[in-house]
There are 2 protein chains.
Amino acid sequence: MPWEKQFDHDAALSKAMGTFWAQGYDATSMQDLVECMGINRGSLYASFGDKRSLFIEALRRYDAVYREGWVNRLVKSHGPRGAIAAAFDEAIAAVQGGSNDGCLLVNTALELSPHDDEISAIVDHGLAEMEQFFCDMIERGQAAGEIPAHVVSVDAARGLLSLFIGLRVLSRSRPEASLLRSVANQAGALLT
Amino acid sequence: MPWEKQFDHDAALSKAMGTFWAQGYDATSMQDLVECMGINRGSLYASFGDKRSLFIEALRRYDAVYREGWVNRLVKSHGPRGAIAAAFDEAIAAVQGGSNDGCLLVNTALELSPHDDEISAIVDHGLAEMEQFFCDMIERGQAAGEIPAHVVSVDAARGLLSLFIGLRVLSRSRPEASLLRSVANQAGALLT
DNA sequence: CCCTGTTTTGACTGTTCGTTCCAAACTCAG
DNA sequence: CTGAGTTTGGAACGAACAGTCAAAACAGGG
């Protein structure tokens, strides 16, 4: 019979994700998406449904690649304390590399979470997993003697999450290296 | 001659500010503004210019009232360390009071700063002043013996700013009391 | 080479956007 | 009461928006 798809679904989704990431949901028009994804309007609607569905799919992909994949990589290639430091260092490196798009989960938390429960659930889950990552690293660090036992892991993890979010917000508006470095250094102060 | 203005400029501006605060810039239509401000479309354009000009005026007003006025009040009614604690406590109290609008400066930093230099300048100035507030309080606290001398005021202030921003972001998406309280408690950990 | 069924395509829909404009309503000085 | 100057409400603008559709382009099976 017929004919396979001529464009790559995943590649197109990645492009859409990048545009939503840089511009936000409202500020991205379907025309922007048609152009950046390199596929036709009709194909877009046939493959991804409406704009909101496409955004949700892009957000889920971001969560899988840039949050889950990223965390897993950090855990594997560093010790507990090193993984926490690397999380902040990599966020700063992205800014130094010229990207001031911040983090799509954080951006979405502000733009859409208060007005869309389904999207909020995705964002909340991603942020909770980051909190859990920090918490796990702290507890492992304590077991390994890298982090003092008097640190309350749950509270400190939430402090690190909040510092990290602040860093991502600042990197969109005040991407000065010294400012971001100071913030990252304070992460260490929560673990002493 | 004729007839004084029939609507109150400042009151209308406050209403507009509230709508931008809750919904963001893009998601607020001129129709929303006409309705929430209670004035006519023509009067709106005659008094405030276009949408962006109105937003900038509202943002400046927010900065004057909710950032500058707020900081001044904190400085006057608390000691150095108490002022820092009160800053976080009041942000949490706002959430408990039912508002999950966060902070207009933070919301704008994410939505518009990367794409609008004039707006970015306002946001950056407001955030820098908050940083300065934290820095001043730390140094005064050190002079008063409330805060250890080994704390580096500039770095710790940036950490507090970042924690504060994170708190504001989380309050829009995960306004759980225990989470926000943990974050506020970590502010103290940066000052020990 | 034609038939079949899917994909691609770009024109098209109705709606909403920000903005402009004008005539009617109105207040107050003369 | 009259005239001057403002505010008002709503109609109207072109542009941009999200979303739809029918026809053309296409690959493989007969």
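Because only heavy atoms are used, hydrogens play no part in the values below, and waters and symmetry mates are left out as well, while side chains stay in. Proteins get letters first, then strands, A, B, ... in listed order; numbering begins at 1 in each.
Between the side chains of A:His150 and A:Gln142, no donor-acceptor pair of N or O atoms lies under 3.5 Å.
B:Val154 places a side-chain heavy atom less than 4.5 Å from the side chain of B:Cys135. By the 4.5 Å heavy-atom criterion applied to side chains, A:Ile92 and A:Leu167 are counted as neighbours.
Within residues 110-122 of chain A, no residue has any heavy atom closer than 4.0 Å to DNA chain D.
Within the structure, side-chain hydrogen bond (donor to acceptor under 3.5 Å, both in side chains) pairs that include any residue of residues 15-27 of chain A comprise A:Gln23-A:Thr28 (at least two apart or interchain).
Following rounding to the nearest Å, A:Leu54 (CG) and D:dG19 (C1') show an atom-to-atom distance of 13 Å.
Qualifying side chain to side chain donor-acceptor pair (under 3.5 Å) partners for B:Asp89, counting only residues two or more places apart in sequence or in other chains: B:Arg181. Looking at residues two or more places apart in sequence or on another chain, you find a salt bridge (Lys or Arg N to Asp or Glu O under 4.0 Å) between A:Glu176 and A:Arg174. B:Glu68 pairs by the side chain to side chain donor-acceptor pair (under 3.5 Å) definition with nothing, not counting sequence neighbours.
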Write out a two-atom table: protein N or O, nucleotide N or O from nucleotides 12-17 of chain C, distance below 3.5 Å.
none

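Taking the six-membered ring where tryptophan is involved, the planes of B:Trp70 and B:Phe133 are tilted, since the angle between them lies from 30° to 60°.
Donor-acceptor pairing under 3.5 Å, judged by distance alone, is present between the side chain of B:Asn40 and the base of D:dG9.
Between A:Ser43 and the phosphate of C:dT7, there is no side-chain N or O to OP1/OP2 separation shorter than 4.0 Å.
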